[in-house]
Amino acid sequence: MASLRDIKSRITATQKMGKITKAMQMVSASKMSRAEQNAKKFVPYMENIQEVTASIALGSADASHPMLTSRPVKKTGYVVITSDRGLAGSYNSNMLRTVFNTVKQRHKSNDEFAIIAIGRVGRDFFKKNGMNVVLDIVGVPDQPAFSEIKDIASKTVGMFADETFDEIYIYYSHYVNPITQTVTEKKLLPLTDISSSNKLTSYEFEPSAEEILEVLLPQYAESLIYGSLLDSKASEHGARMTAMSAATDNANDIISSLSISYNRARQAAITQEITEIVGGAAALE
């Protein structure tokens, strides 16, 4: 049986750990609230740009653009959004397991695909498993601005335009609530599934529809990446808050269990001392 000193040391260490996880839980809750607001604020913009893009692309018979047209697939790109650090429960592991299994099912050779990694955890995982990471970005802030990911977004779109990739998918964690985050796959390019939930608006074009699409479609694709990143950030903070809450609860349970063990050991020590005193007194009689 552990000594009183050992048990007391474990209780003290667990209490300190519980304070750390509680603080991390509160920090993540604050960050999650802001990230959730950012993701929700971006939704109206995405809906409007999708409506305009769909109206031009689908409402003009003579409008065409390479980003709207499927071509034979020789190489596929995967944009994968993870975090830069752990302590977020299954947030990263669910994402990486899904992407890894999907890639293995779809492709027979590493030459058929490449990874664009947003986040240190994903980048390190794919490199460790021998997958080709052609682009990566780490250190994305908790409240990212578009300017901070514009470079990788424009390079990703450019890789489709110059036919490095014939199709691009993006994987991110969709925020449902602080407890639930869903790994989501979305086809980024080509934009063959673009549609509008509203009635298409008729526009008069100056200059031509093709010239407008030439500017609008890359911006739309880049906005899809940014919107997915905002969604992922809310999911990350929600997952981290939940994980730290569970860790705090576990610490409290351990402290309760150790306290019982400590009291029992203390009672046993007191009983032993009393027995020795009584035994000694009896021996003197």
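One-based numbering along the sequence shown.
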Worksheet item: Got a donor-acceptor contact below 3.5 angstrom from the Thr180 side chain to the Val176 backbone?
Response: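 No, the answer is negative, given that no donor and acceptor are paired below the 3.5 Å cut-off.
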Worksheet item: Is there a donor-acceptor pair closer than 3.5 Å between any side-chain N or O of Asp84 and the backbone N or O of Gly139?
Response: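 Judged by distance alone, yes, a pair lies under 3.5 Å.
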Please determine if [X] forms a cation-pi arrangement with [Y], meaning its NZ or CZ atom is less than 6.0 Å from the six-membered ring centre and no more than 45° off the ring axis.
X: Arg97; Y: Phe125; answer: no
X: Lys186; Y: Tyr172; answer: no
X: Arg71; Y: Phe160; answer: yes

Worksheet entry | Stepwise salt bridge (charged side-chain N to carboxylate O under 4.0 Å, His left out) check, Lys155 with Asp151 | CA-CA 6 Å; Lys155 285 181 179 178; Asp151 184 53; 3.4 Å; yes
Worksheet item: Taking only residues two or more places apart in sequence, or in another chain, which ones meet Glu47 in a side-chain contact (heavy atoms from CB on, under 4.5 Å)?
Response: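 If we apply the side-chain contact (heavy atoms from CB on, under 4.5 Å) test to Glu47, skipping adjacent residues, the hits are Val43.
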Item to complete: Would you please indicate yes or no on a ring centroid separation below 6.0 angstrom for His107 and Tyr78?
Response: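 Yes; His107 has its ring centre under 6.0 Å from that of Tyr78.
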Item to complete: State the CD-OH distance between Glu185 and Tyr169, to the nearest 0.5 angstrom.
Response: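 Those atoms lie 6.0 Å apart.
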Discussion item. Using 0.5 Å steps for rounding, measure from the OG atom of Ser173 to the CD1 atom of Ile81.
Written reply: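 If we round to the nearest 0.5 Å, Ser173:OG and Ile81:CD1 are 8.5 Å apart.
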List, one per line, each side-chain donor-acceptor pair under 3.5 Å for residues 17-27, sequence neighbours excluded.
from  : atom 1 : to     : atom 2 : distance (Å)
Thr21 : OG1    : Met17  : O      : 3.3
Thr21 : OG1    : Gly18  : O      : 3.0
Thr21 : OG1    : Thr248 : OG1    : 2.9

Is the closest basic N to carboxylate O distance between [X] and [Y] below 4.0 Å?
X: Glu222; Y: Lys150; value: yes
X: Glu112; Y: Lys108; value: no
X: Lys74; Y: Asp166; value: no

Item to complete: Start with the C-alpha gap between Ser9 and Asp6, add the side-chain angles, then the distance that decides, and say whether side chain to side chain donor-acceptor pair (under 3.5 Å) holds.
Response: CA-CA 5 Å; Ser9 297; Asp6 292 338; 5.5 Å; no
